[in-house]
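Here is the structure we will look at, set down as structure tokens.
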Amino acid sequence: MGTAKEKEDSGGEGWRSYESVFTNRKAGMADVDRDRIKKIVFEASKDSPHFKNEQRKEQAAAKRLSELQSKARSLLPRQLDGFKAKAKRAIVELEASRDLSRTWFHIDMDAFFAACHVLDRPELDRVPMAVGGNAMISTANYAARKFGVRSAMPGFIALKLCPQLTFVRSDFAKYKKKAEEVRAVLARYDENFIEGGLDEAYLDVTRYLEGAKLTEEELAEKIRDDVFVETSLTCSIGGAANRMLAKICSDLNKPNGQYILERKRKAILEFVSDLPVRKIPGIGKVTEKVLKGLGMNVASDLVKEAGLILALFSKISFESFLRAGLGISSSEAVGAAQDDQDAGRKGISCERTFGSLRGSRLESQLKEIVETLSSQMTVKNLKGKHITVKMKKVDFTLKTKSRALPAHTCNADEMMEAAAKLVDFKEPLRLIGVRMAEFEHEAHVERGQKVIDLPKAEKRKEGEEGLQGGQWFCDKCSRWVELEGRLEHEDFHLAQDLHREQLTLSSKPKGRGRKPATGMSTMDFFVQRKKKKAGEG
DNA sequence: GTGTGAGCA
DNA sequence: AAACTGCTCACAC
């Protein structure tokens, strides 16, 4: 896909150039099938407003790429040399921080939701099956994946790929229960393991390995064995010197497999030298396209072309690309996983998609969303001073409106009043959402200080003791919650966990403010004047 | 401060 | 007929 030539092809061949999230290579898919899948997904999509919007976005991405390409071409050799020199120093700096002293395992349950259902209904294992419904699928078993059925694929499209597909309604309580069983096993190997959603975890097994006199391969076998014996579920394990590499490795021999990357600089550099950039956590479809358009295909290319990257991308992107290319990421443990997700949060939001609503019905939908958000904020003890309303029109185009509020609040009425002012209820929408930001941050939880909140909770406990249990202590977030709100509160954690099923907690370039707390100063120095320099000359 | 959009899982 | 949700960052004005 080098040139933007074939365009006007609305006829029978349009599907050929149609690459979507659903048609990428995944474990267990033969190449022969890819064209068929592409074609079916394309046929089911091409006339929808959603598809039009996708095309619009693709064009914008292509434009961005060509701008970057021409920016790259216009760089004078001496400018590029300057960037290269700075990049070189950044590489030396990062290399000095390389830590090979620890072994991290990334545990990834195989088709977790689907596998949970198979436990109760073994016959489902032999037929193509997906968890979810007509609108959206959350997981598919491996039999269904052979047909191209993917998570995050609309059910109606999956049915076209696989007419005999069996749908199973999701059962969050079941997943949560099984996840607890899995965690009980994992905790024996690292009591401070980091949870990544319901079906993922990072374990620092360094200490266990020292005590047990096992090789890493043997330990991974043992953990997979334990998990299977005690939960009847299979998982895949990746082992490496840091979490980023471990996560990449856990995907390589999926399902029910393992891959250990030797903790040696040379082995790691070899590994990244034929690691497709798309495998790097944080690099998705679009970034892959951009990098490939700039001639970078494997992770180590990001180091080779570090000067160019420095010239073209932001400081943050530069550093994360460089880390990926060197196979370096944080290898230290993170504070308690549950608390960590709240610390450093910048905003909280809630949004709903519906068919098409306007007028008073739209208004009451907005109110519902505001109320949900308000109660989540109350639970999390968050008050925001800035509100944003997000609106998606029927043609899938997005619009946001935001306002600063007179004071910090998590009050539903105040939020609704502000939100309603930002919406034109006459216009039909397919989605509406509300985001609150600019929190008043009292004593924010720093990385690694997992119990900083506890004294507060403890104090509260003593103080409220006389009040006869109008409150309930949530172990999950170590906070006191109004007793009446308990069910809702638990649901909230469940929903959050569920959502995280599709996310990763690994060190990634963007996302949820999980930035390194330290070690940036030198890097800052290298790149701080990037823009100025780029502009001159 | 506000608005838009991209990107990711 | 039908394509989610929550979060972050970049950039323009």
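Both backbone and side-chain heavy atoms feed into the values below; hydrogens, waters and symmetry mates do not.
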Practice task
Verify the distance criterion only: is there a donor paired with an acceptor across the side chains of A:S236 and A:D110 at less than 3.5 Å?
Solution key: yes
Exercise for the section: Can you tell me, in whole Å, how much space there is between the C1' of B:dG7 and that of C:dC4? Expected result: 16 Å
Practice task
For residues A:K86 and A:L310, determine if any side-chain heavy atom of one lies less than 4.5 Å from a side-chain heavy atom of the other.
Solution key: yes
Handout entry: Side-chain N,O (A:S314) to OP1/OP2 (C:dA10) below 4.0 Å
Key = yes
Exercise for the section: Verify the contact: side-chain N or O of A:H50 to OP1 or OP2 of C:dC4, cut-off strictly under 4.0 Å; return yes or no. Expected result: no
Exercise for the section: Give, ordered by number, those residues of residues 403-411 of chain A having at least one heavy-atom distance below 4.0 Å to an atom of DNA chain B; if nothing qualifies, reply none. Expected result: A:R403, A:A404
Problem - Between P of B:dA6 and CG of A:L398, the distance in whole Å - result: 9 Å
Fill in the blank from the handout: Across all chains, not counting sequence neighbours, the side chain to side chain donor-acceptor pair (under 3.5 Å) partners of A:N53 are none
Fill in the blank from the handout: Sorted by chain and residue number, the side-chain contact (heavy atoms from CB on, under 4.5 Å) partners of A:S364 (sequence neighbours excluded) come out as none
Problem - Qualifying salt bridge (Lys or Arg N to Asp or Glu O under 4.0 Å) pairs with a residue from residues 396-411 of chain A, counting only residues at least two apart or across chains - result: none
Handout entry: Contacts of type salt bridge (charged side-chain N to carboxylate O under 4.0 Å, His left out), residue A:E351, not counting sequence neighbours
Key = A:K390
Handout entry: Distance below 4.0 Å between A:S349 side-chain N/O and C:dC7 OP1 or OP2
Key = yes
Exercise for the section: Would you kindly give the CG-to-C1' distance between A:L65 and B:dA6, to the nearest whole Å? Expected result: 14 Å
Exercise for the section: Measure the distance from CD1 on A:I316 to P on C:dT8 and round it to the nearest whole Å. Expected result: 13 Å
Practice task
Answer yes or no: does a side-chain N or O of A:K399 lie under 4.0 Å from OP1 or OP2 of B:dG5?
Solution key: no
Problem - Residue mapping more 5' on DNA chain C - nearest nucleotide basis, A:L373 or A:K392 - result: A:K392
Practice task
Inspect the surroundings of NZ in A:K383 and state if more than 12 heavy atoms from other residues, nucleotides or ligands are less than 6.0 Å away.
Solution key: no
Practice task
Report yes if at least one side-chain N or O of A:R352 is closer than 4.0 Å to OP1 or OP2 of C:dT5; otherwise report no.
Solution key: yes
Problem - Side chain of A:T287 (C-beta onward), nearest among C:dC4, C:dT8, B:dC8 - result: B:dC8
Problem - Presence of A:S317 side-chain N/O under 4.0 Å of C:dA10 phosphate oxygens OP1/OP2 - result: no
Handout entry: Nearest-Å distance for atom pair CZ/P, residues A:R278 and B:dA9
Key = 7 Å
Completion exercise
Closest to the side chain of A:R64, out of C:dT8, B:dG7, B:dA9, is B:dG7
Practice task
For the side chain of A:K346, starting at C-beta, report the closest nucleotide among B:dT2, C:dT8, C:dA2.
Solution key: C:dT8
Exercise for the section: Please tell me which of A:C350 and A:F156 maps to the more 5' nucleotide of DNA chain C, matching each residue to the nucleotide holding its nearest heavy atom. Expected result: A:F156
Handout entry: Listed nucleotide nearest any side-chain atom of A:T353, set C:dT5, B:dC8, C:dA2
Key = C:dT5
Practice task
Please list, chain by chain and in numerical order, all residues satisfying side chain to side chain donor-acceptor pair (under 3.5 Å) with A:K421, sequence neighbours excluded.
Solution key: none
Handout entry: Nucleotide of C:dC4, C:dA1, B:dT2 approaching A:H386 most closely (side-chain heavy atoms)
Key = B:dT2
Practice task
Mind calculating the distance between CG (A:D108) and P (B:dA9) to the nearest angstrom?
Solution key: 13 Å
Handout entry: Set of residues satisfying salt bridge (charged side-chain N to carboxylate O under 4.0 Å, His left out) with respect to A:K52, sequence neighbours excluded
Key = none
Exercise for the section: Enumerate the residue pairs fulfilling ring pair (Phe, Tyr, Trp, His ring centres under 6.0 Å) with a member in residues 47-67 of chain A, sequence neighbours excluded, ordered by first and then second residue. Expected result: A:Y18-A:F51, A:F42-A:F51, A:H50-A:F396
Problem - Nucleic acid contacts - residues 420-432 of chain A versus DNA chain B, non-hydrogen atoms under 4.0 Å - result: none
Exercise for the section: Ignoring backbone atoms, establish whether A:S48 has a side-chain N or O less than 4.0 Å from OP1 or OP2 of C:dA3. Expected result: no
Handout entry: Nearest to side-chain heavy atoms of A:N134, which nucleotide of C:dA2, C:dC4, C:dC7
Key = C:dA2
